[in-house]
K.L.:
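Following this message is one structure expressed as structure tokens.
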Amino acid sequence: MVGASGSVTLPGTAALTQAGRLATLSWEVLRAIFKRPFQFREWIQQCWFFASVTILPTALVAIPFGAVIALQLGSLTTQIGAQSFTGAASALAIVQQAAPLITALLVAGAGGSAVCADIGARKIREEIDAMEVLGVNPIQRIVVPRVLAAIVVSVLLNGLVSVVGVLGGYFFNVVLQGGTPGAYLASFNALAQVPDLWISEIKAFLYGFVAGVVAAFRGLNPSGGPKGVGDAVNQAVVITFLLLFLINVVLTAVYLKVVPPKAL
């Protein structure tokens, strides 16, 4: 394709350019984290904001997720005669897969969209440009506290979702499907191991970082005007979701290769 200026534009070049700019912003955020002064008050405020908009929805979403996983696995294990492993299968599925994804989706959907809208509004009002003229680094002043807040809240919420999801799965399996409480807990203790929790927290950490960086990136690059900010918010959520599922596949594959399963 030939652009308006006469230059040849290859298909996918724009996508590669955006990916490169996103990677550059990620590197700038990592560098700015260790620079001083650190915006401690802004970070605390953003942590409280992320927590206030995500705690209740995350807990409410974790209950049906745990219930669906427990009911489906309970039905499957009953068909193959392995009811005693229902607890381990459902709990590990919740801790390793469901909890980090639920946390990240809520953090990106509720908190990340608000961050993108806030930064985008500052951008179209030329506040970001004014900060650069005054010698203030907008990455360090605005982006870093929000990315760190997304990371911290994601890691903390991941533990909450794990507990709520496992308890919900326990309730639905024992009460609705007539499972044995002792067998549910015993199978979990027999197959679960500490690396299962570590990979869950690592996923939550990376998911929070990606959600924060993508939200900031789209907020710093709106297409123009209020409509552009709205489009940037939608794009930030969609891009974050796609990246989260891609990262989840990679981390899960690496984890299953590196960490051997616990022997019975």
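When a residue number appears, it is its place in the shown sequence, counting from 1.
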K.L.:
Do the side chains of L246 and F241 join up, straight or via other hydrophobic residues, at under 4.5 Å, putting them in one cluster?
P.N.:
no
K.L.:
Minimum heavy-atom separation for P57 to V53, with atom names?
P.N.:
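Reported closest heavy-atom pair: CG-O, 3.6 Å.
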K.L.:
How many angstroms lie between atom CD1 of I102 and atom OG1 of T58, to the nearest 0.5 angstrom?
P.N.:
8.0 Å
K.L.:
Answer yes or no: is there a side-chain heavy-atom contact under 4.5 Å between V144 and K35?
P.N.:
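No, their side chains stay 4.5 Å or more apart.
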K.L.:
Might you confirm whether atom CZ of F49 has over 12 heavy atoms from other residues, nucleotides or ligands at distances under 6.0 Å?
P.N.:
yes
K.L.:
Tell me, which pairs form a side-chain hydrogen bond (donor to acceptor under 3.5 Å, both in side chains) where one or both residues lie in residues 158-169, sequence neighbours left out?
P.N.:
N158-S200
K.L.:
Do F209 and I247 touch side chain to side chain, with heavy atoms closer than 4.5 Å?
P.N.:
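Sidechains of I247 and F209: no contact.
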K.L.:
Mind checking whether I44 and F38 sit in one hydrophobic cluster, side chains of I, L, V, M, F, W, Y counted as touching below 4.5 Å?
P.N.:
yes
K.L.:
Are I119 and I151 linked, directly or through other ILVMFWY residues, by side chains that come within less than 4.5 angstrom of each other?
P.N.:
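Yes, because I119 and I151 connect within a single hydrophobic cluster, where side-chain heavy atoms sit under 4.5 Å apart.
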K.L.:
What pairs of donor and acceptor atoms, side-chain ones from residues 22-33 against any protein atom, are under 3.5 angstrom apart with sequence neighbours left out?
P.N.:
| residue | atom | partner | partner atom | Å |
| --- | --- | --- | --- | --- |
| T24 | OG1 | G20 | O | 2.8 |
| S26 | OG | L22 | O | 2.9 |

K.L.:
Does a side-chain heavy-atom distance below 4.5 Å link S154 with Y207?
P.N.:
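The answer is no, as the side chains (C-beta and beyond) never meet within the 4.5 Å cut-off.
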K.L.:
How close do V153 and C47 get, counting heavy atoms only, and between which atoms?
P.N.:
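Residues V153 and C47, closest heavy atoms: CG2-O, 3.6 Å.
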K.L.:
Please report the shortest heavy-atom distance between I124 and P222, naming the atom on each side.
P.N.:
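Looks like CG2-CG, 4.0 Å.
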K.L.:
Decide yes or no on side-chain contact (heavy atoms from CB on, under 4.5 Å) for M131 and I142, but give the supporting numbers first.
P.N.:
CA-CA 10 Å; M131 293 175 64; I142 296 178; 3.5 Å; yes
K.L.:
Nearest 0.5 angstrom please: T54 OG1 to L105 CG, how far?
P.N.:
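So the gap between those two atoms works out to 12.0 Å.
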K.L.:
May I have all residue pairs that pass salt bridge (Lys or Arg N to Asp or Glu O under 4.0 Å) and include part of residues 85-107, sequence neighbours excluded?
P.N.:
none
K.L.:
With clusters defined by side-chain heavy atoms of hydrophobic residues (ILVMFWY) lying less than 4.5 Å apart, directly or transitively, does W48 cluster with F40?
P.N.:
no
K.L.:
Does any part of the side chain of E132, heavy atoms only, come nearer than 4.5 Å to the side chain of D129, both counted from C-beta?
P.N.:
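D129 reaches E132 side chain to side chain.
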K.L.:
Quick one: which residue pairs count as a side-chain hydrogen bond (donor to acceptor under 3.5 Å, both in side chains) with a foot in residues 94-110, not counting sequence neighbours?
P.N.:
Q96-D196, Q97-K203, Q97-N248, Q97-T252
K.L.:
Taking C-beta and beyond as the side chain, do V143 and V147 meet within less than 4.5 Å on heavy atoms?
P.N.:
yes
K.L.:
Going by the salt bridge (Lys or Arg N to Asp or Glu O under 4.0 Å) test, which pairs reach into residues 215-225, not counting sequence neighbours?
P.N.:
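Sorted pair list comes back empty.
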K.L.:
Got a sec, which pairs hit salt bridge (Lys or Arg N to Asp or Glu O under 4.0 Å) with one end in residues 41-56, sequence neighbours left out?
P.N.:
E42-R141, E42-R146
K.L.:
Of all heavy-atom pairs between P100 and A204, which one has the smallest distance, and what is that distance?
P.N.:
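Answer, listing the atom of P100 first, then A204: CB-N, 4.2 Å.
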K.L.:
Given V214, which partner from the list I239, V238, V237, L242 fulfils the side-chain contact (heavy atoms from CB on, under 4.5 Å) test?
P.N.:
I239
K.L.:
Given side chains that start at C-beta, do those of W43 and V152 come closer than 4.5 Å, heavy atoms only?
P.N.:
yes
K.L.:
Treat each ILVMFWY residue as a node, draw an edge where side-chain heavy atoms are under 4.5 Å apart, and state whether L156 and L167 are in one component.
P.N.:
no
K.L.:
In Å, rounded to the nearest 0.5 Å, how long is the span from CD of Q39 to CD of Q46?
P.N.:
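Between Q39 CD and Q46 CD, I get 11.5 Å after rounding to 0.5 Å.
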K.L.:
Just wondering, do V161 and L106 contact through their side chains at under 4.5 Å, heavy atoms?
P.N.:
no
K.L.:
Mind checking the CG-CD1 spacing from L197 to I202? Nearest 0.5 Å is all I need.
P.N.:
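Here the rounded value is 10.0 Å.
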K.L.:
For the residue pair Q140 and P145, what are the closest heavy atoms and their distance?
P.N.:
O-CD, 3.6 Å
K.L.:
Could you give the distance from CZ (R21) to CG (L220), rounded to the nearest 0.5 Å?
P.N.:
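One finds 9.5 Å between CZ of R21 and CG of L220.
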K.L.:
Where is the tightest heavy-atom contact between F50 and V115, given as atom of each residue plus distance?
P.N.:
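Closest pair (atom of F50, atom of V115, distance): CZ-CG2, 3.6 Å.
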